[in-house]
Every structure is written in C-alpha cells, then in structure tokens.
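Structure first, commentary second.
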Amino acid sequence: MQGSHCQVLLITMVPMSMFKAFPSLFILETQSAYESLKPQRVHFQSRNFHNILHWQPGRACTSNGSVYFVQYKMYGQRQWKNKEDCWGILECFCDLTNETSDIQEPYYGRVRTTSAGIHSGWTMTQRFTPWWETKIDPPIINITQVNGSLLVILHAPSLPYRDQKGKNVSIENYYELLYRVFIINNSLEKEQKVYEGAHRIVEIGALAPHTGYCVVAEMYQPMLDRRSPRSEERCMELP
C-alpha cells in the first residue's frame with residue numbers, strides 16, 4: 001500500500017546478527033515507531049451536545065494506509081468500551097454523542113492507529129464534560145409586522161435527544177437562558193438592544209414608518225457567563 005510503510009518496517013531488513021549485537025537499539029527503534037504512529041491532538045468538539053471526537057494522524061503515517069480504533073469511558077469507570085462504528089476506520093473523527101448523553105458526567109475518549117500491521121499506543125483526551133463544554137448555536141429568529149411594531153419569535157437550537165413523545169428536546173431543558181434582542185435602524189446605521197430576558201416572543205414598538213429595520217439575537221447563559229454567536233439578521237421595511 002503506497003505511502004503506508006513506517007520506519008518500524010526497517011527492522012525486518014536488518015541482519016539477525018546485528019539485532020543480536022545491538023538489541024537495545026532495536027527496542028528503542030520499535031518504541032520510537034510506536035510513538036510516531038500515535039494519533040495527535042485527540043479532543044472532543046461539542047456543539048449543542050453533538051459530541052464528536054477528533055484527532056490528527058501520527059507523525060510517521062499520514063497516508064490512507066492508517067486505520068483508527070476508538071474507545072470511550074465515563075470518568076470513574078475502569079473498563080474502556082469499544083465504539084463499534086469507529087473500529088478500523090479511515091476517518092479522523094468519531095461521533096460519540098449517544099455514548100456521552102449523560103451531559104453532566106465527565107468522559108474520556110482515546111484512539112490508536114494501525115498501519116502496515118503495526119499498532120500504536122493509545123492517545124487519550126482530557127476530561128470532557130458536555131454540560132460545561134458544549135458550544136451553543138444562536139437562536140433562530142422570525143419577525144412579522146403587527147400594527148407598526150415588529151413581533152420577534154425566538155427558537156432555541158434543538159438537541160440530538162428526543163422526549164418520550166418523540167419531539168426534539170430544547171436546550172432550555174438544560175440551561176437557564178436569557179435572550180438578547182438587538183434592532184438596527186438601516187437609515188441611521190444604529191444598533192440598539194431592545195430586550196433581554198427569558199421570553200421567546202418580543203414586541204418591538206415605537207418604530208419610524210417608511211424605515212427599514214433588521215433584528216439580530218443571541219442567547220446568554222448566566223451560570224456559565226457565556227453567550228452564543230449572534231443569529232442571522234432578519235430584516236423588514238415598515239410601511
């Protein structure tokens with residue numbers, strides 16, 4: 001397999017007499033090969049509790065000849081579990097959303113490489129707790145005009161979980177959230193915060209007629225002192 005041969009294969013090309021003369025040299029060489037095969041930067045990326053394990057190839061083998069094996073466990077457990085869908089894969093990522101669904105519990109993931117019949121050691125993540133570390137998408141907003149005012153309807157992002165009735169679970173089930181709504185007067189190019197609170201329907205009044213306005217929103221998590229990115233602008237011109 002082109003490009004998949006690592007330095008450890010050089011051992012098989014050396015006469016046995018040299019191995020007997022310098023055994024420690026070959027042990028060091030083998031250990032070095034194992035280390036250079038190990039996946040790099042193994043870490044979780046989490047958005048709206050979609051928890052994806054990512055890594056980079058080891059230094060020795062970066063070709064398509066390398067395959068990867070993923071395991072995971074909850075903090076405090078002794079036994080690692082195989083992720084069957086990510087056992088002998090070519091990709092450098094693995095979806096562990098279902099395996100890390102108890103979002104306030106900490107987890108670990110780890111990855112090893114096999115290339116040209118040689119197995120690397122495992123590379124493990126740092127401790128990962130979804131509730132603390134997931135990043136939240138901005139709210140989705142819709143606006144309509146009502147009697148010279150703008151009615152803003154906000155929707156929190158959905159999560160990869162469903163309730164007993166099969167409906168999507170909102171992120172509001174897990175966090176105290178405040179919505180911040182901003183309005184931009186297009187003619188003045190001026191932005192103003194018009195609302196901050198927990199309500200998902202906001203009416204913006206006292207607007208000038210024959211004027212275009214755009215609305216953006218973000219979510220704020222007080223306990224974590226963290227805010228989402230801003231939503232896409234929604235714009236409308238008043239008659």
Side-chain angles (χ1 to χ4, degrees), residues 43-54 93 95-98 100-107 125-239:
H43 65 286
F44 280 94
Q45 291 183 7
S46 179
R47 182 172 297 277
N48 302 328
F49 296 124
H50 292 268
N51 306 323
I52 313 298
L53 191 69
H54 289 263
F93 61 89
D95 190 340
L96 291 176
T97 298
N98 293 333
T100 54
S101 60
D102 195 342
I103 63 171
Q104 292 188 329
E105 292 292 337
Y107 298 90
T125 64
Q126 296 182 343
R127 190 185 303 182
F128 165 70
T129 306
W131 190 88
W132 284 102
E133 299 179 51
T134 199
K135 291 180 168 52
I136 304 304
D137 280 342
I140 299 170
I141 64 173
N142 293 294
I143 61 172
T144 57
Q145 178 205 334
V146 179
N147 298 326
S149 298
L150 291 179
L151 196 65
V152 182
I153 302 173
L154 301 150
H155 299 278
S158 295
L159 304 183
Y161 315 128
R162 296 182 182 274
D163 61 20
Q164 295 180 346
K165 297 181 179 179
K167 295 183 179 179
N168 289 334
V169 175
S170 170
I171 203 162
E172 292 176 321
N173 292 30
Y174 297 96
Y175 296 107
E176 175 192 358
L177 292 176
L178 298 178
Y179 294 94
R180 293 170 173 169
V181 180
F182 304 83
I183 191 166
I184 303 164
N185 185 322
N186 293 336
S187 59
L188 301 178
E189 296 184 353
K190 181 181 178 181
E191 179 183 290
Q192 177 185 2
K193 184 168 78 171
V194 293
Y195 177 75
E196 179 169 339
H199 296 297
R200 293 189 287 113
I201 299 178
V202 178
E203 185 175 356
I204 307 174
L207 301 176
H210 315 298
T211 303
Y213 290 95
C214 292
V215 177
V216 295
E218 65 186 25
M219 291 186 303
Y220 177 64
Q221 300 164 280
M223 185 175 293
L224 302 178
D225 191 22
R226 186 185 300 164
R227 64 181 184 180
S228 75
R230 286 194 168 188
S231 67
E232 294 184 7
E233 291 185 358
R234 291 290 184 265
C235 302
M236 182 171 290
E237 184 160 347
L238 295 182

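Residue numbers count from 1 along this sequence. Nothing here was measured: the structure is a model prediction, and the numbers come from that model.
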R227 CZ: over 12 foreign heavy atoms closer than 6.0 Å: no
Geometric class of the F128/F44 ring pair [parallel <30°, tilted 30-60°, perpendicular >60°]: parallel
Whether Y179 side chain and I201 backbone form a donor-acceptor pair below 3.5 Å: no
All pairs passing salt bridge (charged side-chain N to carboxylate O under 4.0 Å, His left out) where residues 229-239 contributes a residue, at least two apart: E191-R230, E218-R230, E232-R234
Donor + acceptor pair across side chains of N185, S187 (<3.5 Å): yes
Close side-chain approach of I204 and Y195, heavy atoms under 4.5 Å: no
Point-to-point distance, once rounded to the nearest 0.5 Å, from OG1 of T129 to CG of N51: 10.5 Å
Nearest-0.5 Å distance, CE of residue M236 to OG1 of residue T144: 6.5 Å
Nearest atoms (heavy-atom pairs only) where T100 meets P130: O-CG, 3.7 Å
Heavy-atom closest pair, residues P229 and P138: O-CB, 3.0 Å
Any side-chain heavy-atom pair of S46 and E133 under 4.5 Å: no
Which residues share a salt bridge (Lys or Arg N to Asp or Glu O under 4.0 Å) with E172, sequence neighbours left out: R200
Exercise: do N168 and Y161 side chains pair donor with acceptor under 3.5 Å: no
Non-neighbouring partners of D163 that pass side-chain hydrogen bond (donor to acceptor under 3.5 Å, both in side chains), sequence neighbours left out: none
Non-hydrogen atoms of S101 and Y107 that approach each other most closely: N-OH, 3.9 Å
For K193, all residues meeting salt bridge (Lys or Arg N to Asp or Glu O under 4.0 Å), sequence neighbours excluded: E196
Neighbour count above 12 (heavy atom, 6.0 Å) for Q126 CD: no
ring-ring contact (aromatic ring centres under 6.0 Å, His included) contacts touching residues 131-160 (sequence neighbours left out): W131-Y175
Check: S228 side chain, M219 main-chain N or O, donor-acceptor pair, under 3.5 Å: yes
Residues forming a side-chain hydrogen bond (donor to acceptor under 3.5 Å, both in side chains) with D137, sequence neighbours excluded: R47, N48
Sub-4.5 Å side-chain heavy-atom contact between L207 and I183: yes
Point-to-point distance, once rounded to the nearest 0.5 Å, from CD1 of I153 to CD1 of I140: 12.5 Å
Which atom of Q221 lies closest to which atom of L177, heavy atoms considered: CG-CD2, 3.6 Å
Spatial distance of atom OG1 (T134) from atom CD1 (I136) [nearest 0.5 Å]: 5.0 Å
Residue pair I184, E189: steps toward the side chain to side chain contact (heavy atoms under 4.5 Å, CB included) verdict: CA-CA 7 Å; I184 303 164; E189 296 184 353; over 6 Å; no
Worked verdict on T211 versus L238 for side chain to side chain contact (heavy atoms under 4.5 Å, CB included): CA-CA 6 Å; T211 303; L238 295 182; 5.6 Å; no
Distance in Å, N98 CG paired with H50 NE2, rounded so as to fall on 0.5 Å steps: 10.0 Å
